[in-house]
Structures are given as structure tokens and as C-alpha cells.
Amino acid sequence: MKKIKSLIIIILLMTITAQSQETKTSTDKKWWKEAVIYQIYPRSFKDSDGNGVGDLKGIISKLDYIKSLGVDAVWLNPVYESPNDDNGYDISNYREIMKDFGTMKDFNLLLKGMHERGIKLIMDLVVNHSSDENNWFQESRKSRDNKYRNYYYWWPAEKGKPPYRWSWFDVNSNAWKYDAMTDSYYLHYFSEKQPDLNWNNPELRKEIYDMMKFWLDKGIDGFRLDAFQFISKDDSFPELPKEIINKPLEIVKYYGNGPHLHEYIQEMNSEVLSKYPNVLTVAEGAGDSPKAALKFVDPDRKELNIAYHFESVDVGKHLNDFGLVKYKDIFSRYDKEFKDKGWLSIFLANHDQPRMVNKFGNDTPEFRELSSKMLTTFILTMRGTAFYYNGDELGMTNAKFNSIDDYQDVDTRNRYLGLKQNGGDLAAFLEDQKQTSRENSRTPFQWNSTVNSGFTTGKPWLKVNQNFVTINAESQEKDPNSVLNYFRKLVKWRKNNPVLIYGKYMLLDRENPKVFAFTRELEGKKILVLLNFSADNATVNTGIDPKNYKIINSNYIYLDSIKNAILRPYEALIIEIN
Ligand code: GLC
């Protein structure tokens, strides 16, 4: 009897703890959980001086536009000094601004202008690698006993060829490059102009932390950690299974995720981040599973804040290929793991992805607007911080370039060259790039229908998508039903409805191949979201009596009755359940 009593007490205690954990996510409020973060690709946003490249003054001139979107923060892709082999992801000086983009004075003005408008600024932190033109590397390669030698990974040639490592942007897909100056190979997971920094060296780590403080002391509001999972590697460089090549999630596991990864992030937290408690950190590509992703952002571990995992974008080329059920399962699996602690991001596109409407929606004239609005609804109603890529608020589409000469991206260009050397099918590659290349989302922002879409008075660094005449901000400003105004409306609505931020997520009608249906629930308020991801009419079985539906938002202008539970093509409904 005694035993049973104590068992009951234990069970009771466990239930109470579980319940208090259950509510932890919702009570642990943070500005960055509530934020909508607008990503700006500075090279393509707005050019102020007519040299064809977007710049900081250009962004400053558009601050009122950014403010009008209602977003809380901007994530700015790298603006540091760089020879631009990978558009700024190859940094030659971490404390200077890229000449193409302006000066430090411009940067200070931009930051001030944002803060005056209540918008926070998140910078990119690219510290897995630097540029080969960075002074650290220039020194490092000079001699084997140079003070900076161990800032990078070197493999002396007398040890023979280093074990093969795949490289993202190398023409020969080989991450080791021979450097005659010291008869050694250096490691570059990305292009040969992006040598990997050696985080095992405490001096290097200290330099990075000092540099982070330099920017945080200027008042920036956070960092997006670029390719950070690669900062710790198994530096014995064992031979790896060949099958992992081209499988991004596998590559993370084998190439990065080294034995000291969490230790270094924790050190970064205690040395830097903990001293700036209000800043936000976003973990790019976090983890190869929900569990692994959570480890980076579990508040008890004192590492980072938001996990930006890749499973939902690395899932395939087009929704029709992988299917909605698989897609729903990814989000649901992650949400389950994160329901009590940690925090996720929700995004469908960025500068490394094609346009969201091309991958998850439909860019035909008939459905482009509807499906863009449907996807926007998804981003703004799921649990997680919303990351929204510039141009998606207009429903901008893939560039679909025909010729390799139209591409500037080191990824597309070098893979093309490699294929050419090996006699591969170049026409098929180019066709594939129309759907998959990240250049698709990097074309200049479409401000209006004047020459070069109002982006520049000069020759744009990358061709403007020719549909700018019909798809542009100016025309959408005037149209209350435009994709742009829909985005604004939903951002505002999300802000006024904490249920969309902190509310519990539950997937409904899982097997439905066309409709993503889920509820969000908080403190007695229940919202049902119905998203038809197909170009057909679709039925949905929510198990909730439609009599209790109060439709509060639709992406269709004319509301239809949902009583017979039929959703029109790409229809998105937000419904309050009474
Ligand atoms: C990240 C960036 C990408 C860049 C790569 C190397 O994935 O988002 O644009 O090319 O890292 O820095």
C-alpha cells in the first residue's frame, strides 16, 4: 500500500513537472520569438550610386518601405570587406565594409536609421572560413612557422595526399588545395578562395570573439551564424565513405559536427553572447536531426537561440517531387522535439534557395499570387520565428537564366566548369539550374516598371528578371489585394495574436496529399489554418464541425462558404474555432 502511495505521488509530481514544462515555451517570452525577420540581400536590394551593385545607402533610402512591412528585424547578408568570390561570404577584413557597399559611416547611418524606426539589425557571422585575401591567410601561407600558420588547416605534402574531402564550390570538388609556397595543402570546404579557419587554435577563437564584440558594441542586435557546424572538424581527417557526397545532411555529420563544436559555441556564449543578453543568434543549418538541432538552442545549454535547420528546404526540387505529406512530417517532427524548449525558425527561401513560389507554390500567371499568399500564410502562422526573404513579399519568381554567362554565382559556375571538364551533360545541368540555382533568388529587387526595375541607373550586376514590368513594388502598393499588402496585413495580424507565436501546434488530416491543416492553441484560443498546396480543389477532414468556424482571413478576395469543406486551388484560410 505504502509503495502504491509513493508511486501515485511520483506520478503526480511527474505530471506537474510535465505540465509546467509544457507551458514553458509559451511563458518564456522573447522579442525574437515574436519577430518577423526580413532578409535583405544587399547586392540586389537597391543601388544608390549607379554602379549596378546594391549598397548601404540604397537600403537607407528604402527604410520607410521596410518599416511599412511591419517587420521587426532585418538580417543583412555579409557586408564586410570581401573580394566577392562568394558574394561577401569570403571576408578579407572583418572590421571593414565592402567597398561596393559603401563605408563604415554608411553602416552607422543604416543602423541608426533602423533603430529610429524600431527595426533591429542582424548581421551574418561568417567564421568557418575567411577569404584567402584576408591578412591572416596571407601570413599563414608564408611559412610553416608563421604566427598565423595555425589559423588555418594545413597538410604538409611530405605526408602524401590528404584524405579526400568534397568541396561545395571547387571545380574539381576537392577541398584540399596545394600551395607551393610552403609545399602544403590547405583546406577549403567552400571555394578555394575560402580557406577554413582552424577553431582548435585558441588565438583564432579570441580574435573572432573580439570581432563579435566590435559589432555588438556598435549596437547590432544579433548574428546569423553561417555554416557554423563546420567550425569543429575531426582534425585527424580519417577516410570517409564516398556515398555521403551530395547528401547535405550526411555531409554535416561527417565534415562538421566535430568533437568540440558544442564546447566552442558554449565558449562563444560565455565570452561574448552572455554579455549582450538581448541579442539574437540564429544557427544556420543546425543539426542533422531535430534532436541535434535542439542541442544548439536548448536554453539550459547556453549556446544559441534559434535553430534554422535545412531539412525542410533540402527536401527536394519541387513539392510535387517529394509530396506534401513528407513535407508536413518534417515540420511536425521538429515541432514535436521543440514543443517544450528551444526555438525554431520558419522559412521557405533565402539567398541559397530558389524562389519559394517556384519550389513550393506555382509561378504560372494563374496561380503565382494565390500561391505566394498561401506560402506567406504558412510562414506567418506556424510556430517559430518567421524569416522572410526580400522579394517574396512581391511574389518574385525564379530568373530561369538560359546561358551560363548570365550566372555570376561561384556555385553554379564552378559546377558547370567541372562538368565541362568531365564531359557531363551541360544542357541538362542548365535546365536543372533554372529550378534549383540560388541565383534565381538573387536577381535585383523589383521596385517599379522603369528601366532595370528601378534597382539601378547603371548596368545591374545580375540581370533583372524580365517580369519586373508586371511584378513590382510600386504597382502592388496601389493594389489593396496585392501579395505585398497581404504580407503586411498578415504580419500585423500575427503580432496581435500571440496564439500564432506561442500557441501549441497540432497537425490535422496528416495523410491529406493536398492540404496542410493544423491548429494553434493558446489559453483557450484556437486557430485553424487550412492551406491548399495544390492547383486543384481539395477536401479536408479536420474533425472540427464547420459550424464552429469563423473565417478571419483568406487569400481569395471573395470568400466562399467552407461548409462543404472544399478549398479552392492554393486557398489559405485562417479560422477561429468557437
Ligand atoms: C552559407 C551561406 C552561403 C555561402 C556558404 C559559404 O551556407 O548562406 O551563401 O555560400 O555559407 O559561406
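Since the structure is predicted, the reported quantities are computational estimates derived from the model, not experimental observations. Just follow the structure's listing: the first ligand is 1, and inside any ligand the first atom is 1.
Trp215 pairs by the side chain to side chain donor-acceptor pair (under 3.5 Å) definition with nothing, not counting sequence neighbours. Remark: Asn128 engages Asp196, Lys233 in a side chain to side chain donor-acceptor pair (under 3.5 Å) (not counting sequence neighbours). Listed by chain and number, the residues in a ring pair (Phe, Tyr, Trp, His ring centres under 6.0 Å) with Phe455 amount to none (sequence neighbours excluded).
Between the OG atom of Ser130 and the CD1 atom of Ile208 there is a distance of 8.5 Å, given to the nearest 0.5 Å.
Taking the ring axis of Trp447 as reference, the NZ or CZ atom of Lys62 stays within 45° of it and closer than 6.0 Å to the ring centre.
The immediate protein surroundings of ligand 1, defined as residues with any heavy atom under 4.0 Å of it, consist of Asp86, Tyr89, His129, Phe169, Phe190, Gln194, Arg224, Asp226, Glu284, His351, Asp352, Arg438, Arg442.
Between Asp86 and Arg438, at least one side-chain nitrogen of the basic residue sits less than 4.0 Å from a carboxylate oxygen of the acidic one, meeting the salt-bridge criterion.
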